[in-house]
2 protein chains.
Amino acid sequence: MGRRDRIDRDILALLQTDASLSTGEIADRVSISKTACWRRIQQLDKEGIIQKRVALLNAAAVGLPLTVYISVRTNQHNDRWAGQFLQTVRDLPEVLEVHRMSGDLDYLIKAVVSDMPGYDRLYKKLIKADLSDVSASFVMEEMKYTTELPLDSF
Amino acid sequence: MGRRDRIDRDILALLQTDASLSTGEIADRVSISKTACWRRIQQLDKEGIIQKRVALLNAAAVGLPLTVYISVRTNQHNDRWAGQFLQTVRDLPEVLEVHRMSGDLDYLIKAVVSDMPGYDRLYKKLIKADLSDVSASFVMEEMKYTTELPLDSF
DNA sequence: GCCCATAAGAAATTTTTTTCCGTTTTTTAA
DNA sequence: TTAAAAAACGGAAAAAAATTTCTTATGGGC
């Protein structure tokens, strides 16, 4: 089934950069036939190695020029509270990522907002979930952003 | 040119969730003709509102199950150092994001690695760039991850 | 009402995706 | 090492989708 050879790696590398490439285009670049290439991509989809194909939008162009990281600490460590918190952040569309962390902070949240009043509205929605310590750091400059994973270990 | 109406917003919302949808499929869902839909998507591409279409891979499945956030502080605040640092992180494929931050830390880096030895290898590469303070927090659990931006302000 | 500009839809064309089928390569086990 | 089985390949053809072109509608200003 899963071969995990150089060709699959090259296909994934290409799709990570540009998911709008046609099968024929990819086939040419990895030097196999269109059909073989199509079958490999199908397989990678089926196995869940390719999770999804998405369009990445320009955040500033859609009115969300401000990115903020929110560190969260809590003293509530029970399941009930955790479930509530999870539900809250999942339902907030401006919250893009939530990670439970090791170390001194409990959760790290990434969110996008239009401006400071926009952050304040988000903040108010968040603190309803009973957080003991919330501190925001704003992104001044996005120096690198990619969704491409390195495929050396693949 | 740029209309920014409900239909464009709906098209973008769909493409953010699934960029493999055919133009016809999208056209049906937003209740316009295939051609009109195609032209709108072209325009959104041309305007750069759609930045790119990418395949998102399963990090664990490609051998990168560990995500780490690295906080960086420096006392070097000159252009020469900054350029060097930028070059370093851009060239490291395991570094997915680098943000210059407000507040007490200077930079926040997101990276993916295979395991702790993998992190250590990255750490060693990073400290070569003369950073005064590097501290890592590891992601225990990814509670939410999406690239979908909310389109209310659009 | 008429003309122009703009946007929509229909149809034609081109490209891509998918299926079919015989062949080649790789793997497994004797 | 070799033969059988399994997996992967490549080319051609069919089906579907994307793209272009052409025509028709729609709305605003005069």
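Just so you know, these numbers come straight off a predicted model, no measurement behind them. In the text below, chain A, chain B and the rest are named by the order of the sequence lines, each starting its count at 1. Below, each value reflects all heavy atoms present in this structure, side chains not excepted, and no hydrogens, waters or symmetry copies.
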Is the backbone N or O of B:Leu131 less than 3.5 Å from a side-chain atom of B:Trp81, with the two atoms forming a donor-acceptor pair by type?
no
Using atom CD1 of A:Ile11 as one end and atom C1' of D:dC9 as the other, report the distance to the nearest whole Å.
13 Å
Distance below 4.0 Å between A:Arg40 side-chain N/O and D:dC9 OP1 or OP2:
yes
Given D:dT20, D:dA8, C:dA8, the nucleotide with the shortest approach to the side chain of B:Thr35
D:dT20
Over how many whole Å does the gap from B:Ile41 atom CD1 to D:dT19 atom C1' extend?
12 Å
note: A:Asp28, atom CG; C:dT15, atom C1'; distance rounded to Å ~ 14 Å
Nearest heavy-atom approach of B:Lys144 to A:Arg90 is NZ-O, 3.1 Å
5' priority, DNA chain D, between A:Lys34 and A:Arg39 [closest heavy atom]:
A:Arg39
Please report, rounded to the nearest Å, how far the P atom of D:dA18 is from the CG atom of B:Leu15.
11 Å
Can you tell me the distance, in whole Å, between the CD1 atom of A:Ile7 and the C1' atom of D:dA7?
14 Å
Find the distance A:Leu21:CG to C:dT16:P and express it as a whole number of Å.
11 Å
Just how far, in rounded Å, is P of D:dA16 from CD of B:Glu25?
14 Å
May I ask you to decide if A:Asp8's main-chain N or O and A:Asp5's side chain share a donor-acceptor pair within less than 3.5 Å?
yes
Verify the contact: side-chain N or O of B:Ser33 to OP1 or OP2 of C:dA8, cut-off strictly under 4.0 Å; return yes or no.
no
What's the CD1-P distance between A:Ile32 and C:dT26, to the nearest Å?
14 Å
Go through D:dA18, C:dT19, C:dC20 for me and flag the one nearest to the A:Trp38 side chain.
C:dT19
Please check if the side chain of A:Arg73 supplies one atom and the backbone of A:Asp104 the other of a donor-acceptor pair under 3.5 Å.
yes
